[in-house]
Structure formats: structure tokens, C-alpha cells
Number of protein chains: 2
Amino acid sequence: MSLATDAADKPTLYKRIRADIEKRILTGEWPPGHRIPFEHELVARYGCSRMTVNKALSELAQADLIERRRRAGSFVRRPQHQSAVLKIADIRAEITALGRSYGYELIHRKLRAATASDRERLGVKKAGKVIAIACRHSADNVPFAVEDRLIDLSSVPEAATADFVREPPGSWLLHHVPWTEAEHTISAVVADDRAAEVLDIAIGAPCLVIDRYTWRGPRTITAVRLLYPGDSHRLVARFKGG
Amino acid sequence: MSLATDAADKPTLYKRIRADIEKRILTGEWPPGHRIPFEHELVARYGCSRMTVNKALSELAQADLIERRRRAGSFVRRPQHQSAVLKIADIRAEITALGRSYGYELIHRKLRAATASDRERLGVKKAGKVIAIACRHSADNVPFAVEDRLIDLSSVPEAATADFVREPPGSWLLHHVPWTEAEHTISAVVADDRAAEVLDIAIGAPCLVIDRYTWRGPRTITAVRLLYPGDSHRLVARFKGG
DNA sequence: TTGACTTATATGTCTAGACATATAATCGTG
DNA sequence: CACGATTATATGTCTAGACATATAAGTCAA
């Protein structure tokens, strides 16, 4: 028999320290505001060097589980209910993850000079060209979401050469634009006649709306509105405690 | 003069290394998949020890900006659009932050033995007592949200002694229960007659729903449903890039 | 009491090494 | 060519120190 004696091969020491402290916080044994043992105390308790406990504490601080204050010590932070991690999966991934077949359909694609309302929606001042796209995503041939998108061509000139007939613009952008930042706004509306027709639902049915605004550095990339039938779609946000 | 040659007191070295790399990723100079210089190369470039560049790279890895692979190197990860930080503020804080006056009203509070549907909603198997609460939050005396909550008394026995007449249950729990985890589910519905009456909106108006399920370790704490008039409330989730 | 000054101390950062370990790449062999 | 064994190497973890620095706490004078 090899050397895996008991539980799994123990993780590294700093991870064990980190997990020990995390457990005491999670169970409430060390409530918010509680002062965690000083580094030199943990050094004594675990018989290791200060750098090792420092690494454990630094990671806990980066995860917002504790707060470190010079000369004072490290303290358990109070839970941040107001901050949760929202998973907004790529639509294709979301549908295939459910074991359903993904379908995509371009409704229209238009290249045009940015109108005033385009500029407002993209948050840019200068005139320029944009691509306006409407398309539909479906699962097992049932409409799943309708997408309404604007791409700023001055930020993504390559987009002019893509026709978006086979590949959804979201996936195309993901593969052609480097790292981006994004902001999502979630709201609820009732389906108007156009949405009702495209999604094959009743006029007045509740819909979940995600408006996603994406940019890189100071440059706007794209603004997109996704409309989901309210009874078939939910967003799940999980609080991240480490 | 010491060795701080140019600009202001530069941040610490590892932070500068981290920022340098981050910038190249953000601008797209190093696209997803690109191999970041090896630690020993960065050591040479910055003239520091390996621990210093290791700390910079470890933090970038913890922030999911890069991926580290033994023997292979460190690589820029592709943007994780599917993960965003959702701010779900405390309702009182949210309203007062808008400069409006906060109002709270208890509609009913009932202590009872858990019914089958209570147990299902809380995700517990054993019978026990619960508190069921309905209340309303308002801004400048206009209904803002209606709250429907279940508290598991076997997890939070002290809740039996709180009347929730002045203090909303969310805020009470925040101050009486240690660290918790939570899961939020967001969906859209139309107002039924009861919701329409409490929120003073039309029947059939769109509403945003947040279902929050909170627990600590294995113990369920509370399940709450918040219903917001769809035209007056939005959730904002910002992509966290580090 | 209050404000200015001093001191003690916990964290923040860094070094120049060390050994461990996973794995990409290479080499041999059937 | 296929596949197993070997090797090289980049990262992972750790040490025993060092000095820097912010700041809580104490000291002292106005």
C-alpha cells in the first residue's frame, strides 16, 4: 500500500491553515468582528514560518472573508449579502448543459451609421458605424430567448465581415475580442406583440430581461438585450464565501 | 535620493508586476491562450526574487485572469462572461442611498409547525417550527417591494422572541445570525391580485422576483421571496475582472 | 480635556535559497 | 509506428531571516 494513510493525502500546510480558519468562521465559532490569532501565534501553533501563515491569511483577505489591519490584527468580516456571484452562462452552453438541442436563427442584421439612439445605447459620443442584430435562440426548437444587439464597429471593425448567419454574435465576439468588462442589468417586462410573436408566447406574459453592456478599457464593444420568457428562465446567483 | 527614480512612490513591486501583466491582458496585447513569461524570465526582467513574481502570478490566478500549469507555464484565460458580481443591497440601504425615506410595515407574522410545503421550501426533512412573515417595504410611502419569508426556528430559535414590528426580518437576521451562505434565484412574473393590491400596481403588471435561500453549513436559516414592481426596480451585476 | 509626540507592534513586502511534484518532451524499445 | 520509461523543467510550497510602515496605545505638556 502506498502512503495515502488516512483521509486523502493532506493538502499543503497553508491550505490547511486557511481551511481551519475558514471553518471556524463559517460555523460561527468566530463571529464577525472576532480577532483572528496573530500571525506569530499561528506560527507557534502550526510550527511553520511566518510566510506560510501569511499566505493563508492573504488569501482569506482576498476572498473578503477577513479584514487585515496593521498593528491591530486580522478580523472576521460580516457576511456580504449584497454581493453574490451571478452565473450568466453562454446561451448555447446553458441549453446544451440541459441536454437539449440548441438552435440559432438570425432575424436581421443591418450595418448602418450610428443613430442618436444607438450612440446613447452604446454610451459613445462620436458618430460611427454600428451593426444592429436581432436573433433568436431556441432549445429543442422551442424559442428560448430573443436577442437584440448593437456592435460598435469602431471598436470591433472585424465584425463587419461576419455575417452571423451560423454563429451567434455573442459567441463570435467571445472569440474575436480580447478581455472585456461587462455590466448586466436585470429587469422584468411583459411581452409586447413583437416579442410575443418571436418567442411564441402570449402578449402580456412576463419576461426576464438582461441588458448587457460590454467594453474594453474605455472602448465600448457591444450592447445587448436578451429577453427570456419568464416562466422558463431563472438566473441563479450564489453568494461566494470563499 | 533613494532608488525611486521616476513617478510617485510606486506601489510595491509585486503589485506593479501584477498590474503590468493585467494591463497587457486587458488591452488584448496578450490574448486568451497566450503564454505569460516564465517566472524566471520575470525574475530577470524585474530583478527580483522568484517569490515576488510568484505572488503577483498567484493573485492573477486567484482572480481567474490567468491559468497556471505545471511544467507548461502560465496562460491568459478567456474572459468568463458567465460570472458576474451581483449587488443585492439591503432594501433599506438601497432606498436611503437613493435619498428616499424608507418605510416598513409588517403584514403578518405567524409561528407554526412546519407544513409539508414549508419543509419543501426550506429544504429540510424533519418537522419543526417556523415563522412565516409577510411584510412590505416602501420608499417615500410608495410600495417598493413585498417580502414573503419563512424562518426555520430550529436553526434560529431566538427568532421566536422577535416580533418584527419595527425591524425588518432581513436586517434582524443579519445581526443575529453568523456567517451564512445564500443562493438567489431571479425570475419574472406578473402581479396576481394579492401582489397587485399590496404593491398598488395593476394586476398583470410585470414583477421581478428574487428568491433567496440562506443557510449556514448544513442548516437552513431562511427562505425569502421578494417581489418588486418591474418598472421601478433593476438589478445590476458587474463583471469582476480582478 | 485635548492635542502633539513617542513607542511598540502587527502586518506588508522582500530575499536567496531549498526540495517536491506534475507533466511536456525526449528517448528507446518492441 | 506505438508505447513505456526517462528526463528536464516550470510551478508549488516552504524557510529563516530582513526592513518598511501604518497605527493603536501610551506619554506628556498646554
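- Within 4.0 Å (heavy atoms only), A:L57 reaches no atom of the nucleic acid at all.
- The separation between A:I36 atom CD1 and C:dT11 atom P is 10 Å, rounded to whole Å.
- Using a 4.0 Å cut-off, some side-chain N or O of A:T12 falls inside it from OP1 or OP2 of D:dT13.
- If you check C:dT11, C:dA22, D:dT15 against the side chain of B:M51, the one that comes closest is D:dT15.
- Counting only heavy atoms from C-beta on, B:K55 has its side chain closest to C:dT13 among C:dG12, C:dT13, D:dA10.
- Spacing between atom NE2 of A:H40 and atom P of D:dA18 amounts to 18 Å, rounded to whole angstrom units.
- Side-chain atoms of B:F38 lie closest to D:dT11 of the nucleotides D:dT11, C:dT13, D:dC14.
- In this structure, of C:dG12, C:dC14, C:dT23, it is C:dC14 that holds the atom nearest to the side chain of B:Y14.
- Between the side chains of A:T180 and A:R216, no donor-acceptor pair of N or O atoms lies under 3.5 Å.
- Of the charged side-chain nitrogens involved, none lies within less than 4.0 Å of a carboxylate oxygen, so that A:E167 and A:R92 do not count as a salt-bridged pair.
- A sub-4.0 Å separation between OP1 or OP2 of C:dA10 and a side-chain N or O of A:S74 is absent.
- Between A:E39 atom CD and C:dT13 atom C1' the separation is 11 Å, expressed in whole Å.
- The side chain of B:R50 lies closest to C:dA18 when the candidates are D:dT21, C:dA18, D:dT9.
- Distance A:R35 CZ to C:dT9 P: 14 Å, rounded to the nearest Å.
- Following rounding to the nearest Å, A:F75 (CZ) and C:dT11 (C1') show an atom-to-atom distance of 11 Å.
- Between B:T52 and C:dT13 there is no side-chain polar atom (N or O) within less than 4.0 angstrom of OP1 or OP2.
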Problem - Working for side chain to side chain contact (heavy atoms under 4.5 Å, CB included), residues A:S74 and A:E39 - result: CA-CA 9 Å; A:S74 303; A:E39 291 189 351; 5.9 Å; no
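- Taking every side-chain heavy atom of B:A72 into account, C:dA24 is the closest of D:dA16, C:dA24, C:dT15.
- Across the interface with DNA chain D, nearest-nucleotide mapping of A:S49 and A:R70 shows A:S49 to be the residue nearer the 5′ end.
- Contact between the side-chain N/O atoms of B:R71 and the OP1/OP2 oxygens of C:dA25 is not found at any separation under 4.0 Å.
- Annotation: cation-pi geometry satisfied between A:R69 and A:F75 (NZ/CZ under 6.0 angstrom from ring centroid, within 45° of ring axis).
- One finds no side-chain N or O of A:R68 lying less than 4.0 angstrom from the OP1 or OP2 phosphate oxygen of C:dA10.
- In this entry the distance linking CG of B:L42 with P of D:dA10 reads 12 Å, nearest Å.
- Considering only side-chain N and O atoms, B:K15 lies under 4.0 angstrom from the phosphate OP1 or OP2 of C:dT13.
- Judged by distance alone, the side chain of B:S154 and the main-chain N or O of B:G128 form no donor-acceptor pair under 3.5 Å.
- Taking 4.0 Å as the cut-off between side-chain N and carboxylate O, B:E147 and B:R212 do not count as a salt-bridged pair.
- Straight-line distance from the CZ atom of A:R18 to the P atom of D:dC14: 13 Å, rounded to whole Å.
- Distance B:N54 CG to C:dA16 P: 16 Å, rounded to the nearest Å.
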